[in-house]
Amino acid sequence: MEPVKIEDIAQYRFLSDLKLSPSGKYGAFIVRQSEKKLDGYTTDLYLYSEKKCKKLTSKEKIGSFLFEDDETIIYQSFKNAKKNQEKGPYSEFFRLKVSGGKPEFAFSLPLGGSLKKLDDGRYLVSGQTDLRCPELYKLEGDERKKALGQLKEEADYMVIDEHPWWFNGVGYINKTRSSYFIYDPESKSIERIHDAELSVGPHAILGDFLYFAGAYQKVIAPMEDAIYKYNLKSKELTEVFPADKYSVHGLYALEGKIVVSATCKGKYGLNENARFFYLNEGAKTLEEFAAPDMGFSGTLTDVCWGHGGGFKSDGKALYFTAQDRYNTPIKKMHPDGTIEDVAVGEGAYFDFDIKNGRILTLGLFGNRLAEVYEVVDKKPKRASNLNGKFLKGRYVAKPKKISFKSEGWDLDGWVLLPKDYDPSKKYPAILDIHGGPKCAYGTVFFHEMQVWASLGYFVFFCNPFGGDGRGNEFADLRGKYGGIDFKNIMDFTDVVLKKYPQIDPSKVCETGGSYGGFMTNWIATHTDRFCALATQRSISDWMLMEANSDIGIHFDADQCGGGDVISEEGRAQLMKHSPIKDAQNLKTPLLVIHSEQDYRCPIENGYLMYTACVQKGVETRMVVFKGENHDLSRGGMPKHRIRRLNEITDWFNKHTK
């Protein structure tokens, strides 16, 4: 068997955004694949029909798409983005028949955004409003040119008077609001349907009414949303639920009612699982009808694009992907709140659609890369082979389950055996810790882990306390960071080393990203049992996080059990859970991987760990990826993803081989 190689990731096809046509006859989805120079991705449309997949576009740059009717797709193209830069916010849409042929230009919009077709032929557009020039989308000719010139003059400055002022993967967002517009293709008119200052969220359409969540921001972005109702005919906008205590995650039309999924930061804080309510417009209240205590993160991998999944309504029931321990099934919620499985299996459904009872999905099953699946008798039936050739003849290690107990919990872990495994030999090993922390590992294909197994490493990983898929109580890590979770992971390491004496305990490495990076830093300052560490997009100081992260001002105080940067008590609470406070204990060689534009766990956290190692005289190296953000390992440029994995692998090889 040939090994899985680091550079293989440049060959994989990344599937996402699956949609069924109105009748359910056709399925369409986006496929991303590395460009030849490894500095970007082609983004093309594929069609699934009659058990076959057909490529509809070639070397495109597709943003979003929708079925205009059963035979026609409208898609957003960024192929001419560089040429259109001088136009400012601008989107081009093309029309394409499912039977194939050359795409035809449909229309352009004077703003960026995605579309949803309304029953009367108009489109709901999700776009952005810059409060420095909120009516820019209405301007034409010299007026628009002048306004764009003024905004360009401001591009050299980052004025900050809001929090957050940037967002991971987006950039500078100060005075930017998400907005809804209505576009009429006949009159070519476009109109924002609410105040420029209102920032909108999820929506649902019921009859002639558009319902959406939204919030006004003064300085700090609020966590609480109001719900609005917009009459698509009379254009009347009314508030039907006030911004009180709920963060709205989704709105759905069900049996003539509006369903709201929301949290209220109650017993379990910001990571609390969503509950489900019916909107009572008359009383302006939410009436709870289901509290399933389920998370919706999806099983982690590095071979999917985006998070996928989500909720779909067929008007009679809600369908959604949920994290169920270490698998991601599709479930169905009835109007009375009862829930049943409609698609199960060991693995993950990560994107799906349902029309007329037919469920088509993208998924990861059987240690394969992503493929299209039909759901038949609640089981995934593979319907494509778009990625099959890339693993043909390769050694793909099968995850071996290890159940263990730690701190009163029964926990799940797995081990990948090294290629050409010989029980009479000794091997190095790598412990891989997931991000989140409210996420979960499973048995799906994970490129980086398979690479290391092919290179002769044992690879082991687990789902410690704080993760998803096991309810609110299990996920509630507030005020416990570096405590029970650290103990779980160390206990798991002990179990693996005992079960597999073939692992050389002097050659065990560890890595993790985001929360896994936090835990790597915690390990670096609390034990020297590992021979080498690689911390990625990490947290080293919660005060840095609270001051700089796009989620910090809410998330950090919540997760650290209280804390702020303005009081001695608050700073003490943040520092209690900061790995850097114990930097005097640093001993283990530490590789620091960070992206320059990581606004989720800002790069200052990486610099701090690197500097601490330098001052302590601990072997260290830091690699900064320019132009990348928090999602480097999952969606960075192919050449950067390859370099990242080479850096980590070389670091571990240096200290084990």
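Reckoned from all heavy atoms, side chains included, excluding hydrogens, waters and symmetry mates. Not measured: the values here are computed from a predicted model.
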Are [X] and [Y] packed together at the side-chain level, in the sense that at least one heavy-atom pair is separated by less than 4.5 angstrom?
X: Tyr395; Y: Leu417; value: yes
X: Ser633; Y: Arg641; value: no
X: Leu360; Y: Tyr48; value: yes
X: Leu431; Y: Ile489; value: yes

When the aromatic ring centroids of Tyr326 and Tyr441 are compared, is their separation below 6.0 Å?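 Ring-ring flag for Tyr326/Tyr441: false, centres at least 6.0 Å apart.
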How about Tyr481 and Trp522: are their ring centres within less than 6.0 Å of each other?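 Not under 6.0 Å, so no.
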Could you tell me how the ring of [X] sits relative to the ring of [Y]: parallel (under 30°), tilted (30 to 60°) or perpendicular (over 60°)?
X: Phe14; Y: Tyr41; value: perpendicular
X: Tyr427; Y: Phe458; value: perpendicular
X: Tyr349; Y: Phe365; value: perpendicular

Have [X] and [Y] got a donor and an acceptor in their side chains that come within less than 3.5 Å?
X: Tyr12; Y: His447; value: yes
X: Glu371; Y: Ser384; value: yes
X: Thr328; Y: Thr299; value: yes
X: His630; Y: Ser514; value: yes
X: Thr649; Y: Trp452; value: yes
X: Asp432; Y: Thr511; value: no
X: Asn273; Y: Asp293; value: yes

Is the shortest distance from a Lys or Arg side-chain nitrogen in [X] or [Y] to a carboxylate oxygen in the other one below 4.0 Å?
X: Lys59; Y: Glu35; value: no
X: Lys487; Y: Asp491; value: yes
X: Asp8; Y: Lys5; value: no
X: Asp494; Y: Arg529; value: yes
X: Lys480; Y: Glu407; value: no
X: Asp650; Y: Arg621; value: no
X: Lys332; Y: Asp341; value: no

Test Ile551 against Arg600 for side chain to side chain contact (heavy atoms under 4.5 Å, CB included), laying out the working first. CA-CA 7 Å; Ile551 62 172; Arg600 184 61 40 83; 3.4 Å; yes
Considering the options Thr321, Val342, Ile339, which one meets the side-chain contact (heavy atoms from CB on, under 4.5 Å) requirement together with Lys331?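 For Lys331, the side-chain contact (heavy atoms from CB on, under 4.5 Å) test succeeds with only one of Thr321, Val342, Ile339, which is Ile339.
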Worked check of ring pair (Phe, Tyr, Trp, His ring centres under 6.0 Å) between Phe460 and Phe492: CA-CA 9 Å; Phe460 58 107; Phe492 175 59; 5.7 Å; yes
Charged tip of Lys657 within 45° of Tyr457 ring normal and under 6.0 Å: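 Pair Lys657/Tyr457 counts as cation-pi.
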For Phe311 and Tyr319: C-alpha separation, side-chain torsions, deciding distance, then whether ring pair (Phe, Tyr, Trp, His ring centres under 6.0 Å) applies. CA-CA 6 Å; Phe311 284 72; Tyr319 298 79; over 10 Å; no
